[in-house]
Amino acid sequence: MNTVQGRIRKIIHIDMDAFYASVEQRDYPDYRGKPIAVGGSPTGRGVVATASYEARKFGVRSAMSSRKAMQLCPQIIFVYPRFEVYKAVSRSIREIFYRYTDVVEPLSLDEAYLDVTEDKQDIGSALEIAKQIKKAIQEELQLTASAGVSTNKFVAKIASDINKPNGLTFIGPSKIESFVNNLPVERFFGVGKVTADKMKSMNLHTGADLRALSENELVKHFGKMGHFYYHIVRGIDHREVQPHRETKSLGAEDTFTYDLETDEEMHKELDRIGNTIYGRLQKNKMAGRTITLKVKFSDFTQITRNQSFTSPISDYDTIVEVAKALLSKVERNERPVRLLGISLSNFGELVLKSKKTKDPDQLEIF
Ligand code: DCP
Ligand code: MG
């Protein structure tokens, strides 16, 4: 179990605490001990990227509207984000990781997986390495991080969230089973809101409930993902830590079982593809300045059209509307369409927006 080619791996997941807000409190002592929100504004426009722990006590959360944040915490201080600083801090954190291993997979500016099965300093203990990394981040960057240590990515990531802030949680092979049994279904990797709701309606609430089902039953109810759930509820996750994974573009496309001929059909598909991309952007906390539409015709010729913006885009409505506008400019000459795709590139960090709300201010904020 949890071995790749017969060896037990040592995986660390590190996630900075209230990242943007902590950097601001570090650099501006006036903000220390106070409820602050990075992103958003006192005019009520925009959304909160992250809130300091003092603000979280009032219920302020990432992706919440500024208006709501002010209702919950009238004394909240809105701070304009400084992405260049966060990126620089992120680079410094990675330099610390590289002292121990080159197998580092960043997930966002503030989060990464490390495989320390073999570490450069021959320390041998993943828990000890995690301690040293946390100490270095604290001493050299005056920031705190939380770490999860286990034998696979899935458990390490959940573990890093357990004792936040400044946490360090080790879940060894003998503890994985009870840990996974007690986990609510929505915490399982790959289980989104829709699947979680479906599971609950079937009276499946925890890992233990899922474990009671056979692989066949899981596949019957949840399709191909059933195989994956079957393994993950047993704490088995063979995904490797993938170093140097830098996302340059993020997209989704679909080849249709029959060729599309009407605008209506194509718009429906673009809505669907837009939804997939929106989900991926949210998951990766990304926004792109360039939206590209790809169209492949039934005669297999292919074209792409793109449009760029001065500010990163991440909201569903804009992505889909721009894709439709690009499609309307394509000279189709009545050719049926066999594939449509949308991608985003030219990334910047962002403040995520709630789905299906179109806020023209977003383009002005960052
Ligand atoms: N972020 C964002 N929009 C979101 C979520 C996050 O712009 N909806 C940004 C701001 C965060 C950073 O990404 O500081 C890291 O995200 P995390 O989810 O790790 O949140 P924090 O590091 O802020 O808090 P925590 O202590 O819970 O990790
Ligand atoms: Mg974080």
Side-chain angles (χ1 to χ4, degrees), residues 12-27 31 35-41 46-66 68-69 76-94 97 105-114 130 133-134 137-138 141-148 156-169 187 193 247 250 278-288 311-316 344 347-355 357 359 362 365-366:
I12 303 177
H13 178 260
I14 306 253
D15 189 307
M16 300 296 290
D17 301 322
F19 184 47
Y20 299 175
S22 304
V23 172
E24 297 305 327
Q25 289 182 321
R26 176 193 74 174
D27 294 350
Y31 295 151
I36 71 164
V38 176
S41 83
V47 293
V48 172
T50 198
S52 66
Y53 279 91
E54 294 83 355
R56 291 181 195 197
K57 284 193 198 127
F58 293 84
V60 181
R61 297 280 178 272
S62 293
M64 183 179 272
S65 73
S66 306
K68 180 89 195 286
I76 196 156
I77 303 168
F78 291 99
V79 179
Y80 199 81
R82 296 179 300 149
F83 290 121
E84 287 314 313
V85 179
Y86 313 145
K87 277 187 199 156
V89 173
S90 186
R91 280 193 292 272
S92 307
I93 298 164
R94 280 177 210 169
F97 300 157
E105 178 181 335
L107 296 177
S108 65
L109 286 184
D110 91 320
E111 201 186 329
Y113 288 113
L114 283 67
I133 288 174
K134 276 167 54 74
I137 291 175
Q138 173 81 68
L141 303 168
Q142 291 80 49
L143 292 168
T144 63
S146 294
K157 183 165 164 91
I158 298 179
S160 73
D161 209 31
I162 291 179
N163 289 316
K164 252 183 180 295
N166 205 7
L168 175 60
T169 304
R187 297 298 300 273
K193 167 121 180 56
T247 316
L250 194 151
Y278 174 80
R280 292 188 188 156
L281 287 169
Q282 257 208 336
K283 203 169 139 222
N284 294 295
K285 298 170 195 157
M286 293 173 103
S311 317
I313 308 289
S314 65
D315 75 285
Y316 171 84
L344 260 84
F347 292 120
E349 278 68 39
L350 81 152
V351 172
L352 286 170
K353 298 190 50 53
S354 60
K355 192 172 186 177
T357 54
D359 179 0
Q362 192 200 7
I365 299 172
F366 302 116

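Residue numbers run from 1 in the order of the sequence given. Just so you know, ligand 1 is whichever comes first in the structure, and atom 1 is the first atom listed for that ligand.
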Grab the two heavy atoms, one from L344 and one from I313, that are nearest each other, plus how far apart they are. CD2-O, 3.3 Å

Counting C-beta onward and ignoring hydrogens, is there a side-chain heavy-atom pair between T50 and F19 closer than 4.5 Å? no

Would you mind running through ligand 1 and noting each atom that sits below 4.0 Å from a heavy atom of F19? 14 (O), 21 (P), 22 (O), 23 (O)

Looking at ligand 1, does E111 have a heavy atom less than 4.0 Å from it? no

Going by the closest heavy atom to atom 24 (O) of ligand 1, which one wins out of R56, Q282, M286, M16? R56

M64 heavy atom under 4.0 Å from ligand 1: no

So for A18, does at least one of its heavy atoms come nearer than 4.0 angstrom to any atom of ligand 1? yes

Please say whether Y20 places an N or O atom under 3.5 Å from an N or O atom belonging to ligand 1. yes

Please examine the side chains of L109 and Y20, heavy atoms only from C-beta on, and report whether any two atoms are closer than 4.5 Å. yes

Donor-acceptor pair, Q138 side chain versus T144 backbone, under 3.5 Å? no

For the 3.5 Å polar cut-off, considering only N or O atoms, please tell me whether D110 and ligand 1 meet it. yes

Which protein N, O or S atoms lie under 2.8 Å from the Mg ion (ligand 2), given by chain and residue number? D15 OD1, M16 O, D110 OD2

Atoms of ligand 1 under 4.0 Å from any heavy atom of S62, numbered from 1 in the order shown, are 4 (C), 5 (C), 8 (N)

contact_flag Y86 ligand 1 heavy-atom lt 4.0 Å: no

Record the part of Y53 in heavy-atom contact with ligand 1 below 4.0 Å; permitted values are side chain, backbone, both and neither. side chain

Please name all residues satisfying salt bridge (charged side-chain N to carboxylate O under 4.0 Å, His left out) with K164, sequence neighbours left out, ordered by chain then number. D15, D17

Answer yes or no: is there a side-chain heavy-atom contact under 4.5 Å between Y86 and E24? yes

Counting distance only, does the side-chain N/O of T169 pair as donor-acceptor with the main-chain N or O of S160 below 3.5 Å? no

Quick check: do Y31 and S52 have side-chain heavy atoms less than 4.5 Å from each other? no

Tell me whether R56 forms a cation-pi arrangement with Y53, defined as NZ or CZ under 6.0 Å from the six-membered ring centre and within 45 degrees of its axis. yes

Within-cut-off N or O pair, D17 and ligand 1, under 3.5 Å: no

Can you name the residues that form a side-chain contact (heavy atoms from CB on, under 4.5 Å) with D27, not counting sequence neighbours? V23, R82, V85

Across all chains, not counting sequence neighbours, the side-chain contact (heavy atoms from CB on, under 4.5 Å) partners of A145 are I14, M16, I137

